[in-house]
Amino acid sequence: MADAKPFVLVVGATGQTGKSIVDGLIMSGHFRVGALVRPSSASKPKVEALRASGVEIRIGDMYDGIEKLKTHLSGVNILVNSIVPWAIADQKDIIRAAKEVGVERVVPCDFATPGARDVRGLHDAKLDIRDFIKDYGVGYTIIDVGWWMQYYLPLPHRSTLSDKAKELAYVRPTGGHAKNLLTNLHHIGTFVARILADPRTLNQTVIVWEDEVAQRDAEELGVRYSGDGEALREKFVHLEPEAFAGLVEEGKQEVAKTPDSVSAQLKVAWNQYLISLYVLEENTLANAKRLGYLDARELYPDVPVQSLEEFAKEFYSLQEPGEEWNAYAPRK
């Protein structure tokens with residue numbers, strides 16, 4: 001019976017990660033899928049597309065308060081949060097409501113890279129939510145996915161992203177030896193569907209990854225497949241590791257002066273991530289296992305994976321790879 005399938009409610013279903021998750025859940029055929037959508041977004045094309053694909057649309061907001069959230073969560077077996085970064089710390093009410101109505105498993109908004117506290121402010125906020133969930137006694141699964149392949153490759157000259165956005169893809173630490181776990185954004189949902197159907201992952205932390213590649217090797221793939229050749233290499237900027245700490249401090253000073261500045265907040269968060277990935281080398285399989293993560297590739301060896309080189313050929317064949325790179329980045 002179709003009704004016997006677990007019902008998964010996704011918060012943030014129209015975002016990049018959220019869409020991948022919804023697609024993966026639907027394609028698996030093992031779940032009924034719903035999306036919590038703000039009233040102001042109910043008639044937007046992305047929401048209409050969800051409806052057309054069979055997703056149940058529930059109108060509401062994560063900030064509606066516990067009583068309304070309990071109504072939104074009625075009949076939900078699994079709650080998945082895939083929300084914007086600035087809302088990470090605001091997940092507590094929906095988690096409280098989930099426990100009260102008997103949601104069996106909560107997946108908070110992680111879907112990034114493993115690491116320790118006191119390196120990245122955004123990651124610290126995620127760790128706080130993990131601690132809250134464990135202390136509150138609701139069933140959970142933590143899912144990290146490494147770094148998106150879409151972020152790891154340098155953008156070609158033809159991209160219509162702004163020069164400022166392209167710089168984010170070009171600036172890296174010197175050396176280039178740091179390896180990183182990588183996943184194609186569009187494949188995240190396939191793994192999430194398997195993880196949520198698996199009783200072994202309840203109250204566990206799982207790392208999803210498809211390839212583990214050094215920074216310098218990713219740059220070489222850009223030179224080889226972007227169509228720009230050596231002209232792309234000339235765009236790369238390699239800074240000493242301590243320079244990134246300086247950029248973080250610059251960003252914090254800018255945030256202090258203008259707290260609502262998105263560019264200042266991005267400067268802080270982005271450079272903290274670069275420190276984690278390239279200086280401290282936290283985003284590795286060895287580190288994830290040291291932190292207690294289950295390896296999704298060991299759990300599901302039958303799931304096909306893509307190498308970064310295979311992805312690079314697809315990425316650079318796109319008319320605008322920047323659309324894959326970051327939906328929030330400014331265009332020219």
Any side-chain donor-acceptor pair under 3.5 Å between [X] and [Y]?
X: Thr113; Y: Arg120; answer: yes
X: Thr71; Y: Arg58; answer: no
X: Gln16; Y: Gln150; answer: no
X: Asp144; Y: Trp209; answer: no
X: His187; Y: Glu210; answer: yes
X: Glu320; Y: Thr160; answer: yes
X: Glu219; Y: Gln215; answer: yes
X: Gln272; Y: His123; answer: no
X: Asn203; Y: Tyr140; answer: no
X: Gln306; Y: Asn184; answer: yes

For the residue pair [X] and [Y], establish whether any side-chain heavy-atom pair is separated by less than 4.5 Å.
X: Gln265; Y: Pro85; result: no
X: Arg224; Y: Tyr316; result: no
X: Tyr273; Y: Leu122; result: yes
X: Ile26; Y: Ser53; result: yes
X: Leu196; Y: Val192; result: yes
X: Thr183; Y: Met149; result: no
X: Leu79; Y: Leu73; result: yes
X: Ile207; Y: Pro114; result: yes

Counting only heavy atoms not in [X] (residues, nucleotides, ligands), do more than 12 fall under 6.0 Å from its [atom1]?
X: Arg38; atom1: CZ; value: no
X: Lys267; atom1: NZ; value: yes
X: Lys70; atom1: NZ; value: yes
X: Glu242; atom1: CD; value: yes

Qualifying residues under side-chain contact (heavy atoms from CB on, under 4.5 Å), relative to [X], sequence neighbours excluded:
X: Asp128; value: Arg117
X: Lys235; value: His157, Tyr170
X: Ala218; value: Tyr152, Leu153, Leu308
X: Asn77; value: Pro6, Phe7, Arg32, Glu104

Can I get a per-line list of side-chain donor-acceptor pairs under 3.5 Å for residues 39-50, giving both atom names and the distance, sequence neighbours left out?
residue	atom	partner	partner atom	Å
Glu48	OE2	Arg51	NH1	3.0

Once rounded to the nearest 0.5 Å, what's the spacing between atom [atom1] of [X] and atom [atom2] of [Y]?
X: Asn180; Y: Asp217; atom1: CG; atom2: CG; answer: 11.5 Å
X: Leu247; Y: Leu274; atom1: CG; atom2: CG; answer: 9.0 Å
X: Ile142; Y: Ile133; atom1: CD1; atom2: CD1; answer: 5.0 Å
X: Leu9; Y: Phe31; atom1: CG; atom2: CZ; answer: 13.5 Å
X: Trp147; Y: Leu182; atom1: CH2; atom2: CG; answer: 10.5 Å
X: Leu318; Y: Lys313; atom1: CG; atom2: NZ; answer: 15.0 Å

Inset, instruction - Sequence neighbours left out, what passes salt bridge (charged side-chain N to carboxylate O under 4.0 Å, His left out) with Lys68? Give chain and number order. - result: none

Legend entry - Donor-acceptor contact present, side-chain Thr141 to main-chain Gln204, <3.5 Å: no

Inset, instruction - For Ser226 and Asp228, indicate whether the former's side chain and the latter's backbone hold a donor-acceptor pair under 3.5 Å. - result: yes

Inset, instruction - Just say parallel, tilted or perpendicular for the rings of Phe236 and His238, cut-offs at 30° and 60°. - result: tilted

Carboxylate-amine/guanidinium contact [X] [Y], below 4.0 Å:
X: Arg130; Y: Asp110; value: yes
X: Arg200; Y: Asp198; value: yes
X: Glu250; Y: Lys252; value: no
X: Lys134; Y: Asp131; value: no

Closest approach of [X] and [Y], non-hydrogen atoms and distance?
X: Val103; Y: Val138; value: O-CG2, 4.2 Å
X: Val223; Y: Arg233; value: CG1-NH2, 3.7 Å
X: Ala97; Y: Leu69; value: CB-CB, 3.7 Å

